[in-house]
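What follows is a set of notes on a single structure, which appears directly below.
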Amino acid sequence: MTSSSLRRAIVSADDFGMSLEVNEAIEQAHRNGILSTASLMVAGDAAEDAIRRAKTMPDLKVGLHVVAIEGKSVLDLPAITDGQGWFGRNQLRLGVEYFFSPQARSALRREIEAQFRAFAASGLTLDHANAHKHMHLHPTVGRFLIESGLEHGVRAVRSPFEPPEPVEANDTLGDRALRHWIGVLRHQIRKAGLKTNDWCFGLRWSGHMTPERIRGLIPRLPVGTSEIYFHPATAQDAMMKRFMPGYEQEGELAALLDPAVRTAFDRYGVTRIGWADL
């Protein structure tokens, strides 16, 4: 058995503030389950409710979930959002604009800084930062996230690198391309003096991190620090049905509440930690 000092895990949830159903699940998973960390969408429909709940849970570590795709903005800048202040869903098109358009880059920099300022105004302590749909893998988004994050005291940024073996997947051409951009992001993180995780689980099974899968994953976690992230909710609202069709958010909540999942960390020598422990 690998010693607990060599295998560590950060158990986190994304989309805090997206909806009341997400907030309810995150609170349940923290108070009654294994969830230690959550990432806040500061412009989410239920962001104020999320902030209020977080202030009643001092042990819940909260970071910023930067939104630069498929979500509501803070500044509603027309160079990067539609008439309702929403970012688009086309990742390729947004990626090209963020890289080549001076107007889009300028607006994106202002928007990301505004999201960090909104987090600071919440009164919560900034634990970490990452981006919705892992858009910080885009070098422009990653650079602006890190630059603004440093100004606001961020110390850790997610690296979304999921090795195929523990999730019983094949290493594909897409995986190899993804590793290139992860390498770029990790270079940016290291250059800034920030911390990051070794591994990340929740990509291939996104929306389907069920109790059975997590119980099977824990004994196969590799040496190093793994972030295991979830998208829990007590139910799907209309927006989740539109943007996340087929997601088993209630099943993900069940995994976070499952006593057998909690026991598996101890049984297989995996220590649960937070970003501050890196």
Contact between W86 and T81 at the side-chain level, heavy atoms closer than 4.5 Å - yes or no? no
If I take atom [atom1] from residue [X] and atom [atom2] from residue [Y], how far apart are they, to the nearest 0.5 angstrom?
{"X": "F99", "Y": "L108", "atom1": "CZ", "atom2": "CG", "answer": "13.0 Å"}
{"X": "D45", "Y": "L20", "atom1": "CG", "atom2": "CG", "answer": "9.0 Å"}
{"X": "S122", "Y": "K55", "atom1": "OG", "atom2": "NZ", "answer": "6.0 Å"}
{"X": "Y98", "Y": "I69", "atom1": "OH", "atom2": "CD1", "answer": "7.5 Å"}
{"X": "F116", "Y": "F144", "atom1": "CZ", "atom2": "CZ", "answer": "12.5 Å"}
{"X": "L94", "Y": "M135", "atom1": "CG", "atom2": "CE", "answer": "5.5 Å"}

If you measure only the distance, is there a donor-acceptor pair under 3.5 Å linking the side chains of [X] and [Y]?
{"X": "Q28", "Y": "E24", "answer": "no"}
{"X": "H65", "Y": "N130", "answer": "yes"}
{"X": "S39", "Y": "H128", "answer": "yes"}
{"X": "T56", "Y": "R31", "answer": "yes"}
{"X": "T196", "Y": "S159", "answer": "yes"}

Does the ring centre of Y229 sit less than 6.0 Å away from the ring centre of H134? yes
So if I apply the side-chain hydrogen bond (donor to acceptor under 3.5 Å, both in side chains) rule between Q236 and each of Q249, E250, E248, E21, which one comes out positive? Q249
Partner of H231 under side chain to side chain contact (heavy atoms under 4.5 Å, CB included), chosen from V22, L253, D15: D15
Under a 4.5 Å side-chain heavy-atom rule over Ile, Leu, Val, Met, Phe, Trp and Tyr, are M244 and L40 clustered together? yes
